[in-house]
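Residue numbering restarts at 1 for every chain, and letters A, B, ... go by the order of the sequence lines.
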Amino acid sequence: MSSEVIKGKVLVVGDNIDTDLIVPGKYLTLKEASDLGKHVLEGLDPSIPDKIEKEGIRVIVAGRNFGCGSSREHAVLAIIGAGIKAVVAESFARIFYRNAINRGLIVIEAKGLRNKVRDGDIITIDLDKHSITIPTGEEVSFKPLPEEVMKIIKAGGLIEYLKKQKETKEATR
Amino acid sequence: MEGNVKPGEVVVGADSHTVTYGALSSFATGVGSTEAAYAMVTGKLWFKVPEPLYIRVDGRLPYYICGKDVILKILSEIGEEGANYKSMEFFGSGLKSLSMSDRLTIANMSVEGGAKNAIFPLDEITLSYFKDLGMHIDIVDLGFLKPIEPQEQKPDIVVDLSSLEPMVSKPHSPANAVSVREVEGIKVDMAFIGSCTNGRYEDLYQAAKILKSRKVSRDVRLIITPASKKVLMKALKEDLIRILVEAGAIVTPPSCGACFGGHLGVAGDNENVISSTNRNFKGRMGSPKANIYLASPLTVAASAVEGSITDPRKYLGEIA
């Protein structure tokens with residue numbers, strides 16, 4: 001995550017997209033993000049993984065309570081594995097939200113966006129300015145992620161962050 | 001449930017149903033596997049202190065009502081995000097009639113309302129539970145876990161146990177729960193009793209109350225999966241397994257079983273499933289075309305005998 005701007009096509013989904021819809025239980029034996037990505041949101045609509053790949057979708061725009069249900073990190077991995085750079089939702093379920101940060105996936109709560117965009121629209125998310133630009137030129141602002149959270153995301157996730165902290169500690173010893 | 005968690009502790013687990021331990025008066029919440037690893041390495045995690053959602057429990061639990069019916073009723077009132085990021089805190093005179101098994105089921109499914117955790121006060125039932133495990137709980141420093149007096153706190157939700165009906169969650173959300181009367185008669189292909197929600201000895205006992213000297217309908221496969229080896233061994237020793245198998249149930253080795261559609265009973269296309277588990281999300285137990293209904297072990301067992309969703313009172317002598 002070097003860039004502070006994410007620009008890409010969106011896929012719009014509804015409310016209460018649960019972890020079983022994001023990655024059905026039968027795929028939990030898969031471990032690699034790239035393998036899981038081939039099945040992302042298959043529970044919602046089996047044509048989605050193909051659509052994401054063919055159309056080059058980079059952002060998921062969702063309604064309320066995205067990621068409710070299981071603590072399975074596979075849900076986050078599947079999204080990352082499909083090439084998605086950010087999920088923008090009205091609200092997130094709490095374990096999914098933490099998992100996303102801990103795996104380096106950008107998660108943004110932006111009210112009202114899902115009613116302003118359609119599948120295939122290109123939006124630009126500016127993480128520094130905390131705003132999203134939609135095709136009409138309108139800007140939708142969002143609450144910035146806390147600095148500590150951004151550090152974890154930028155490190156590429158919590159484990160990488162922990163390793164970095166350890167290295168810094170050892171270097172200053 | 002086997003003495004690993006004690007009142008007053010802070011517990012995290014790489015399972016959303018870690019909240020179950022709130023029944024033991026601990027702060028317990030689910031995290032992802034990365035955070036669980038971080039906690040193991042550093043002994044620390046960050047948390048925002050959750051806002052409370054106060055639930056007052058009145059009345060007395062009737063014999064045909066289980067902890068499962070209580071939490072499904074709560075979920076039907078608050079919805080699937082009604083407790084998001086909150087701590088479900090239970091108090092009231094009705095807690096006296098909720099066994100530890102009932103409390104575990106209630107705390108377990110608090111996450112289905114989005115709760116960060118659920119917590120029951122430390123009372124006689126908690127202490128006797130630990131006594132049975134052969135553990136002594138020193139309550140000197142645990143005053144903060146004492147029950148809230150009903151007059152001290154305004155509740156967000158009130159549940160009257162005495163007037164509860166057996167509850168069933170319709171597809172595809174646990175919060176989509178209604179009285180069993182509204183779904184009675186729906187044909188059942190598969191019935192499942194098990195999981196962290198209702199796979200304990202007490203749940204198998206409830207099922208056996210219905211299944212004793214009865215037969216599972218020939219159109220239904222009833223699968224029973226004890227939640228742990230300890231549960232299975234106790235059920236063997238107490239002769240419950242014989243009763244279940246004689247009734248025509250398929251008893252599998254202990255595990256999560258059919259709950260998340262992994263193995264040991266996967267739902268097929270267009271099948272109706274009634275299950276004692278915690279989630280009826282689309283595709284949760286196998287085919288996305290299956291319809292999953294959630295209910296107590298009593299309601300699941302009664303429905304397995306009847307061949308369709310049934311009020312367990314029919315087999316417990318309450319209604320003719």
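Contacts of A:N99 with chain B are made by side-chain atoms alone, with heavy-atom separations under 4.5 Å and no backbone atom involved. Only the side chain of B:V41 comes within contact range of chain A, with at least one heavy atom under 4.5 Å from a heavy atom of that chain. Heavy atoms closer than 4.5 Å to chain B are found in the side chain of A:S91, but not in its backbone. Proximity to chain B (any heavy atom under 4.5 Å) is shown, for A:E42, by neither the backbone nor the side chain. With a 4.5 angstrom heavy-atom cutoff, A:F96 does not touch chain B via any of its atoms. Heavy-atom distances place the backbone of A:L44, and not its side chain, under 4.5 Å from chain B.
The most heavy-atom pairs under 4.5 Å with chain B, out of A:I159, A:L28, A:D15, A:N16, come from A:N16. Of the listed residues (A:P24, A:G25, A:G69), the one with the most heavy-atom contacts under 4.5 Å to chain B is A:G69. Put simply, of B:G30, B:G261, B:P288, the one with the most heavy-atom pairs under 4.5 Å next to chain A is B:G30. Considering only heavy-atom pairs separated by less than 4.5 Å from chain A, the leading option among B:V266, B:T42, B:T29 is B:T29.
Side chains of B:R200 and B:T105: a donor-acceptor N/O pair is present below 3.5 angstrom, by distance only. Side chains of B:S16 and A:S70: a donor-acceptor N/O pair is absent below 3.5 angstrom, by distance only.
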What's the verdict on side chain to side chain contact (heavy atoms under 4.5 Å, CB included) for B:V183 and B:V178, showing C-alpha distance, side-chain angles and the deciding distance? CA-CA 8 Å; B:V183 284; B:V178 295; 4.1 Å; yes

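Applying the salt bridge (Lys or Arg N to Asp or Glu O under 4.0 Å) test to residues at least two apart or on different chains, the pairs with a partner in residues 258-284 of chain B are A:D20-B:R284, B:E112-B:R279, B:R221-B:E271.
Relative ring orientation between A:F92 and A:F66 is described as perpendicular, the plane-to-plane angle rising above 60° on a 0-90° scale split at 30° and 60°. Using cut-offs of 30° and 60° for the angle between ring planes, the B:F27 and B:F47 rings count as perpendicular.
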For residues 101-111 of chain A, dump all side-chain donor-acceptor pairs below 3.5 Å to protein atoms at least two apart in sequence or in another chain.
unit_1: A:N102; atom_1: ND2; unit_2: A:R98; atom_2: O; d: 3.1
unit_1: A:N102; atom_1: ND2; unit_2: B:E35; atom_2: OE2; d: 3.3
unit_1: A:R103; atom_1: NE; unit_2: A:E73; atom_2: OE1; d: 2.7
unit_1: A:R103; atom_1: NE; unit_2: B:T34; atom_2: OG1; d: 3.3
unit_1: A:R103; atom_1: NH2; unit_2: A:E73; atom_2: OE1; d: 3.1
unit_1: A:K111; atom_1: NZ; unit_2: A:E90; atom_2: O; d: 2.9

